[in-house]
Amino acid sequence: MSLTVVGSIAFDAVETPFGKRERMLGGAATHFALAASFFDQVHVVGPVGDDFGDEEMAVLGTRGTDVSDVERVTGGETFFWAGRYSENLNVRETLDTRLNVFADFEPKLSPASRDADVLFLANIQPDLQLGVREQCERARFVAMDSMDLWINTARESLERVIGRVDCLILNDEEIELLTGAPNLVTAANEVLRMGPDVVVAKQGKYGAALFTADDHFWVPAFPLQTVIDPTGAGDTFAGGFVGFVAAHGDQPLTEGLLRRAMAYGTALASFNVEEFGTERVARLTADEIPERVTQLRRMTHFEDAPVELRD
Ligand code: AMP
């Protein structure tokens, strides 16, 4: 079984109250692949420029991730994003977005990437997402992300892609923006009517919620004493969630399986925020992950027992 991701591979400049990095490896596809590769063989599709070095490519290729569809554009520069976080890390301001090689990107998938049975369309222009979706006809589970920019500027295209995927993974505020619904539960139900069978609402430091026709499941973010940089947490969560689904392709996609996928996504995302960019997840080892999932289960589990209540 294998998993293809298409999306940004980037250099990021990030400033948080705990420090800054002028230029570090980033991008949605990068964060996703690092997390998902704990579960399955990943194929990454995306463009980079001449400035993308062997060292960065080696990080992208962690755990055998296939980078042969990473297109090196001669004379081009890699996608660049700069952002700054508020004092409590709640608000992120984008300072700069330079599309560079992304401006003329036309995803070309090798047979290996096209034949993957799970596909993740990271946040890119929705027409590009649709093009890739159409190339991967055999995928049994397709998930996607997006952002407010595309909701506001390319809504029709975006709705077309949403209608062609099994799972939408989006920030809670973006789900409300997309549907115009006044709260997350109503908004997620509206998205379910647009096509996907599964909706995952990312809620930043408050965790994530899963919606299907029959089930709701809410999981908090893993509580940490120190959060250094939230950049890429959403994509790392998606890598854990979709990677877990990919690794269980021999089993039916039950509510139980989806709930476990939420737990693994949450655990992976919690490592990501402990250091800048990919720094922590790049040296994460497989044995650290189940430990955190067990802790998460302990801190969210309770047994109900009858209690006499006064009228
Ligand atoms: P997240 O914190 O999960 O929302 O993801 C942050 C990552 O997304 C960074 O590493 C950026 O390089 C990348 N990114 C930021 N803006 C865009 C954009 N407009 N399109 C694609 N990727 C982006």
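Computed from a prediction, not measured in an experiment: that's the story for all the values here. Each ligand, and each atom within it, is numbered from 1 in the order the structure gives.
- Taking distance alone, with nitrogen or oxygen atoms compared against 3.5 Å, Gly232 approaches ligand 1 more closely than that limit.
- For Ile124, the heavy-atom gap to ligand 1 stays at 4.0 angstrom or more.
- Between the side chains of Ser113 and Asp69, at least one donor N or O lies within less than 3.5 Å of an accepting N or O.
- The shell of residues lying under 4.0 angstrom from ligand 1, judged by heavy atoms, includes Phe79.
- Less than 4.0 angstrom separates some heavy atom of Gly27 from each of these atoms of ligand 1: 9 (C), 10 (O), 12 (O).
- The protein heavy atom nearest to atom 16 (N) of ligand 1 is Trp81 CD1, 3.6 Å.
- Of the protein's non-hydrogen atoms, Asp12 OD2, 3.2 Å is the one closest to atom 9 (C) of ligand 1.
- Of the protein's non-hydrogen atoms, the one nearest atom 7 (C) of ligand 1 is Asp235 OD2, 3.9 Å.
- Ranking protein heavy atoms by distance to atom 4 (O) of ligand 1, first place goes to Arg92 NH2, 3.1 Å.
- Donor-acceptor pairing under 3.5 Å is lacking for the side chains of Asp229 and Thr16.
- Looking from atom 19 (N) of ligand 1 to the surrounding protein, the closest heavy atom is Met147 SD, 3.6 Å.
- Within ligand 1, counting atoms from 1 as listed, the ones closer than 4.0 Å to a heavy atom of Ala10 are 12 (O).
- Of all atoms in ligand 1, numbered sequentially from 1 with element shown, those under 4.0 Å from a heavy atom of Gly234 are 3 (O).
- Defined by atom type and a distance below 3.5 Å, a donor-acceptor pair is present between the side-chain atoms of Asp66 and His43.
- Aromatic pair Phe211/Trp218: centroids less than 6.0 angstrom apart.
- For atom 22 (N) of ligand 1, the closest non-hydrogen atom of the protein is Ser8 OG, 2.9 Å.
- Looking at Glu255 and Thr212, their side chains do bring a donor and an acceptor atom within 3.5 Å of each other.
- With 3.5 Å as the limit, one finds a donor-acceptor pair spanning the side chains of Thr285 and Glu288.
- At a heavy-atom cutoff of 4.0 Å, ligand 1 is contacted by both the backbone and the side chain of Asn123.
- Under a 4.0 Å N-O distance rule, the pair Arg98/Glu77 does not qualify as a salt bridge.
- Looking at ligand 1, you won't find any N or O of Gly26 less than 3.5 Å from one of its N or O atoms.
- Taking the ring centroids of Phe80 and Phe11, they lie at or beyond the 6.0 Å cut-off.
- Those atoms of ligand 1 with a heavy atom of Thr231 less than 4.0 angstrom away are 2 (O), 6 (C), 9 (C), 10 (O).
- Considering Arg164, Arg160, Arg114 as possible partners of Glu134, the one that fulfils the salt bridge (charged side-chain N to carboxylate O under 4.0 Å, His left out) test is Arg164.
- Using a cut-off of 4.0 Å between Lys/Arg side-chain N and Asp/Glu carboxylate O, Lys202 and Asp145 are scored as salt-bridged.
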